[in-house]
Amino acid sequence: MRRDIRVQTEPFDVGEETARLSAGDFGVGAVASFVGLVRAHNRVGDEQAEIETMTLEHYPGMTEKALGRIVDAAAERWPLQAVTVIHRVGELQLGEPIVLVLTASAHRRAAFESCQFIMDILKTEAPFWKKERLPDGKERWVDARESDGKAAARWLGDGVE
Amino acid sequence: MRRDIRVQTEPFDVGEETARLSAGDFGVGAVASFVGLVRAHNRVGDEQAEIETMTLEHYPGMTEKALGRIVDAAAERWPLQAVTVIHRVGELQLGEPIVLVLTASAHRRAAFESCQFIMDILKTEAPFWKKERLPDGKERWVDARESDGKAAARWLGDGVE
Amino acid sequence: MIQVRYFARLRDQLGSPGEEMNEFPPTIGELAERLAARGGNWAEALGGTVLMAINQEMVGPDAPLKDGDEVAFLPPVTGG
Amino acid sequence: MIQVRYFARLRDQLGSPGEEMNEFPPTIGELAERLAARGGNWAEALGGTVLMAINQEMVGPDAPLKDGDEVAFLPPVTGG
């Protein structure tokens, strides 16, 4: 399986990455992808708040290892031909892409499920942290969501889906 | 909800369509996508066969209506901000993209599930038919897959996932 | 009068993209039976799994036909 | 000697990106307890949910420490 894992400050080009993933491999019939974006109306404490910018910190070295393990776990569960994971760090503006996950398989179910699996596990195991800056200049670390823990946990039993 | 449904002979640009889907809407936090490609090693009768080209026929008029209904059904089930469905028709070469489904939501689960839902229902209800040409010049209509019927059926009960 | 259309593998089997009919039975299911009764390729093509549409909407065999309808017989779809 | 690192909210709370320690307990869980025993911000930061890693791999509290290890305490992650 081809794998491409990157942690970078630069934006990524979804079209280019999608084309690269399957280029020259005529066994690929399905490419699923996910793009996560910096979103307004994020929850801060109990209140909805507009955010101005978001800064992503990570644990260099460990991040790449953690992403590698997650991709390996996906490749063990589904027949995949290629996986790309790109996660940005540093300061991002509203509407900017944060993360891209692309999975390629012969069939769509494997592509869809592995893409969702990688995102769910990344959300709870990859060492990234988001800090939001609000229009009044205040900065706050984003709290982990309980729903992310549940989303990851559902892959751990036998009954996937 | 913004919706963009197209049936066309021309290729599509995944990056451009992804950017367009969420442009100017800072409430979008998640974009899921699926690209289906013309794949080699397709099953023809009981044998694996290399294909040379694939021709997609459809029922003009009905196709757009069917896709519109499927997108509406997705929008009823999940909180979506935008959906794009582009399906190509005519003659396609090995490795070329056939279909693009993009779904945008505040949260990733809605984006993932609605994208998979649209593909599963499209596979059984949208009036497209594939004809393959093999290297020896023979042409064969592709048979419908039983697995596609099952994939669509799992959305019809109450227990989605 | 109704317009009847055949698509994809079905059209190839029947050797026809469609036809107009001045006289037609009350339901699309009965129309399918009448066409199959022509025998030969017709019996074969319409004897298997066939989807039916009236005015570009999928319908079941009990769906009624009325003057001016666009009726279609479709093989199981294989897009995506 | 081990190198101890603090990240994100934890680093802000502790006012430190990390420290080197010549003496350390046998497990990472015991190290967390020893750090929390410093009181104040330390008790607060290390008393809540904290992830632990040794040499850039997530571990549980019973994981043993040895000379040369890179040890990290991490708040729950929020990437993606």
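A donor-acceptor contact shorter than 3.5 Å links the side chain of K130(B) to the backbone of G80(C). At least one donor-acceptor pair closer than 3.5 Å links the side chain of W129(B) to the backbone N or O of P75(C).
Annotation for R20(B): atom CZ counts as buried by contact number, over 12 foreign heavy atoms lying within 6.0 Å. Other residues, nucleotides and ligands contribute over 12 non-hydrogen atoms within 6.0 Å of the CD atom of E10(B).
The part of D12(C) that comes within reach of chain B is its side chain, from C-beta onward, which places non-hydrogen atoms under 4.5 angstrom from that chain. Of the atoms belonging to R88(B), not a single heavy atom falls under 4.5 Å from chain C.
Of all non-hydrogen atoms in F7(C) and H58(B), the two that sit nearest each other are CE2-O, 3.8 Å. Here the shortest heavy-atom pairing between L56(B) and G79(C) reads CD2-CA, 4.4 Å. Residues E125(B) and V77(C) share a closest heavy-atom pair of N-CG2, 3.8 Å. Minimum interatomic distance between G61(B) and Q56(C) (heavy atoms only, all atoms of both residues): C-OE1, 3.1 Å.
At a threshold of 4.5 Å between non-hydrogen side-chain atoms, the residues E57(C) and K65(B) count as touching. Residues R9(C) and K131(B) have side chains not in contact (no heavy-atom distance under 4.5 Å, counting atoms from C-beta outward). Under the 4.5 Å side-chain criterion, counting only non-hydrogen atoms from C-beta, E57(B) is not in contact with T78(C).
For the atom pair CD of E70(C) and OH of Y59(B), the computed distance is 3.5 Å after rounding to the nearest 0.5 Å.
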